[in-house]
**Q** 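My questions will all concern the structure given below.
Quick caveat: nothing in here was measured; it's all calculated off a predicted structure. Just so you know, residue 1 is the first one in the sequence shown, and it goes up from there. All values below were derived from every heavy atom in this structure, side-chain atoms included, with hydrogens, water molecules and symmetry-related copies excluded.
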Amino acid sequence: MNFLQVLIESFRSMAANRLRTALTMLGIVIGIASVVLLLAIGDSMQRFIGKELQQLGTNMLYVFPGGDRTSAQRARAGAVPSLSIHDAAALNELPSLTGAAPALQGGFKLSAGNESLNSQVHGVTPAMFKIRNWKLDQGNLFSEADVRASSRMVVIGQKVADQFFYKADPLGQYIRIENVAFQVIGVLAGEGKQIDGSDIAELVLVPITAASANLIKMPFPQNVHYIAAQGRPDMSLKEAEEDVKETLRARHRIRLDSPDDFKVQNMASFAETANTISAGVALLLGLIGAISLLVGGIGIMNIMLVSVTERTREIGIRMAIGARPGAVLLQFLAESVVICVAGGLLGVAIAMAGAAAITATGKFEVYLTFQGVLVACGFASAVGVFFGFYPARRASRLLPVDCLRYE
């Protein structure tokens, strides 16, 4: 028989036992739907993490006070675990960095009119906007002159603007931060998570000197909570990290045999770790789906063995009138593959519906790629060949005389 005749015979065999074929196909449908949907979720999760990390900036270094020294060690050394504005100025001169900016932060009560909320307030310099890639939707940023003058002005995120000045122009309005009035001069554009878990749309930014003078009291006036630094795109971030450590150790007069009194967080390393974890989770999800597909394949083998037993006389008649063993093997193998491919296509359709349903919730977008669908269909065919080969081979090796005598 030619290939078309083989397919026609396969569909006739499936139609002769519709219920059994449907139940057998159900295992493949569930398996393929699971594989496609779980792989799509894993891939979408990796994209989501990559997007969030890109928002945070993968070429960023964050320096925090503290380190591996214990408080007793620091006391004996007469050192205070701190970073200063002068440390940031020194880092700003490093050729491996495009810039470094100090920052203060603290939680405060904000109010305007009858509205109030508790929020994190960040004291920053103008350089921070460039380093963190914060863009303005309206208004202006504060300048270096404003920082030197400790001007009480504030740049806020869109959600904060909507909370306090809904359908009104926020520029020129005043927000009270712990009963200290700050004038709104700008509104940030966009939204997205930051390294500390906050949202760009929820940021409240004031000049670092105004924060130090009016809101956040530090042990020393020049102390800061952290320093954000951006590595040059043409240089290794690991090199920049080593330069930062060397500079701060020299400035803090740390001996060679003593640990750092600061911590440097490399966002590239963080991104690499996050991507490794997400890739592992995606692989695990795929394996979970593959297990259900394996169960469906075992069901295919079982049903095909039953089919061979039921059609023993038919096999004997075909061989008696000239059918070769290879033709019998191809016939049963084709039936197995047709069941798997049909189940695979139905499983892909269910996976597409599931992805659309998850995306419709608005909480998480699931992308179903053409490559993923193609792999799923190929996998379904492979399952049909793998689990259908043994029953087909068994049918092809039967002797005609034994088949014709089979009751």
**Q** Strictly distance-based, threshold 3.5 Å: is any side-chain N or O of Asn214 a donor or acceptor partner for the main-chain N or O of Ala211?
**A** no
**Q** Phe142: which residues meet the ring-ring contact (aromatic ring centres under 6.0 Å, His included) condition with it, sequence neighbours left out?
**A** Phe129
**Q** Using every non-hydrogen atom in the two residues, find where Pro170 and Val187 come nearest and quote the distance to one decimal.
**A** CG-CG2, 3.6 Å
**Q** Nearest 0.5 Å please: distance from the OG atom of Ser212 over to the CD atom of Gln222.
**A** 7.5 Å
**Q** With side-chain contact (heavy atoms from CB on, under 4.5 Å) as the test, pick out the partner of Val383 among Val341, Val337, Ile28, Ile32.
**A** Ile28
**Q** Over 60° means perpendicular and under 30° means parallel, so tell me whether Tyr226 and Tyr62 are parallel, tilted or perpendicular.
**A** tilted
**Q** Rounded at 0.5 Å granularity, tell me how far CD1 in Ile350 sits from OG in Ser34.
**A** 9.5 Å
**Q** Could you tell me whether a side-chain N or O of Ser258 sits under 3.5 Å from a main-chain N or O of Ile254, the two making a donor and an acceptor?
**A** no
**Q** Output all residues satisfying salt bridge (Lys or Arg N to Asp or Glu O under 4.0 Å) with Arg232, sequence neighbours left out; order by chain, then residue number.
**A** none
**Q** Listing request: all side-chain hydrogen bond (donor to acceptor under 3.5 Å, both in side chains) pairs with a residue in residues 136-148, at least two apart in sequence or in separate chains.
**A** Ser143-Asp146
**Q** Any chance you could measure Leu61, atom CG, to Lys245, atom NZ, to the nearest 0.5 Å?
**A** 9.5 Å
**Q** Minimum heavy-atom separation for Ser84 and Arg251, please, with both atom names.
**A** OG-NH2, 4.3 Å
**Q** Taking the side chain as every heavy atom from C-beta outward, state whether Ile156 and Leu205 have any pair of such atoms under 4.5 Å apart.
**A** no
**Q** Hey, does the side chain of Ser396 reach the backbone of Arg393 with a donor-acceptor pair shorter than 3.5 angstrom?
**A** yes
**Q** May I have the list of side-chain donor-acceptor pairs in residues 296-306 shorter than 3.5 Å, sequence neighbours left out?
**A**
none

**Q** I'd like to know whether CD of Glu246 has more than 12 heavy-atom contacts from other residues, nucleotides or ligands below 6.0 angstrom.
**A** no
**Q** Answer yes or no: does atom CZ of Arg394 have more than 12 heavy-atom neighbours from other residues, nucleotides or ligands under 6.0 Å?
**A** no
**Q** Using modelled atom types and a 3.5 Å cut-off, is there a donor and acceptor pairing between side-chain atoms of Thr98 and backbone atoms of Gln230?
**A** yes
**Q** In Å, rounded to the nearest 0.5 Å, how long is the span from OG of Ser111 to OH of Tyr174?
**A** 14.5 Å
**Q** So which heavy atom on Pro102 is nearest to which on Val224, and how close?
**A** CB-CG1, 3.6 Å
**Q** Rounded at 0.5 Å granularity, tell me how far CG in Leu104 sits from CD1 in Ile208.
**A** 4.5 Å
**Q** Determine whether the side chains of Ser96 and Asp243 contain a donor N or O and an acceptor N or O closer than 3.5 Å.
**A** yes
**Q** What are the two closest non-hydrogen atoms of Gly388 and Leu333, and how far apart are they?
**A** C-CD1, 3.6 Å
**Q** Suppose the criterion is side-chain hydrogen bond (donor to acceptor under 3.5 Å, both in side chains): which pairs have a residue in residues 152-164, not counting sequence neighbours?
**A** Glu115-Gln163, Gln158-Asp162
**Q** Can you see which heavy atom on Ala100 is nearest to which on Leu91, and at what distance?
**A** CB-CB, 3.8 Å
**Q** Report yes if some heavy atom in the side chain of Leu97 is under 4.5 Å from a heavy atom in the side chain of Asn92; otherwise report no.
**A** no
**Q** Could you please spell out the steps behind the side chain to side chain contact (heavy atoms under 4.5 Å, CB included) verdict for Val184 and Phe165?
**A** CA-CA 11 Å; Val184 179; Phe165 312 108; 4.1 Å; yes
**Q** With rounding to the nearest 0.5 angstrom, report the CD to OG1 distance, Glu93 to Thr247.
**A** 10.5 Å
**Q** So do Lys263 and Pro65 actually touch side chain to side chain, heavy atoms under 4.5 Å?
**A** no
**Q** Does the side chain of Val155 reach to within under 4.5 Å of the side chain of Ile185, using non-hydrogen atoms?
**A** yes
**Q** Does Ala101 offer a backbone N or O that forms a donor-acceptor pair with the side chain of Thr125 under 3.5 Å?
**A** no
**Q** For residues Leu83 and His252, determine if any side-chain heavy atom of one lies less than 4.5 Å from a side-chain heavy atom of the other.
**A** yes
**Q** Would you please test Phe108 and Leu117 for side chain to side chain contact (heavy atoms under 4.5 Å, CB included) and show each step?
**A** CA-CA 8 Å; Phe108 298 95; Leu117 62 86; over 6 Å; no
**Q** Report yes if the side chains of Phe164 and Asn114 come closer than 4.5 Å at any heavy-atom pair, otherwise no.
**A** no
**Q** Can you sort out the partners of Arg249 under salt bridge (Lys or Arg N to Asp or Glu O under 4.0 Å), two or more places apart, ordered by chain and number?
**A** Asp260
**Q** Would you check, one step at a time, whether the test side chain to side chain contact (heavy atoms under 4.5 Å, CB included) holds for Gln105 with Val121?
**A** CA-CA 6 Å; Gln105 63 180 11; Val121 176; over 6 Å; no
**Q** Looking at every non-hydrogen atom in both residues, tell me the closest pair between Ile216 and Gly106 and how far apart they are.
**A** CD1-N, 3.9 Å
**Q** Is any side-chain heavy atom of Lys109 less than 4.5 Å from a side-chain heavy atom of Ile177?
**A** no
**Q** Taking the side chain as everything from C-beta on, heavy atoms only, tell me whether Met128 gets closer than 4.5 Å to Trp134.
**A** yes
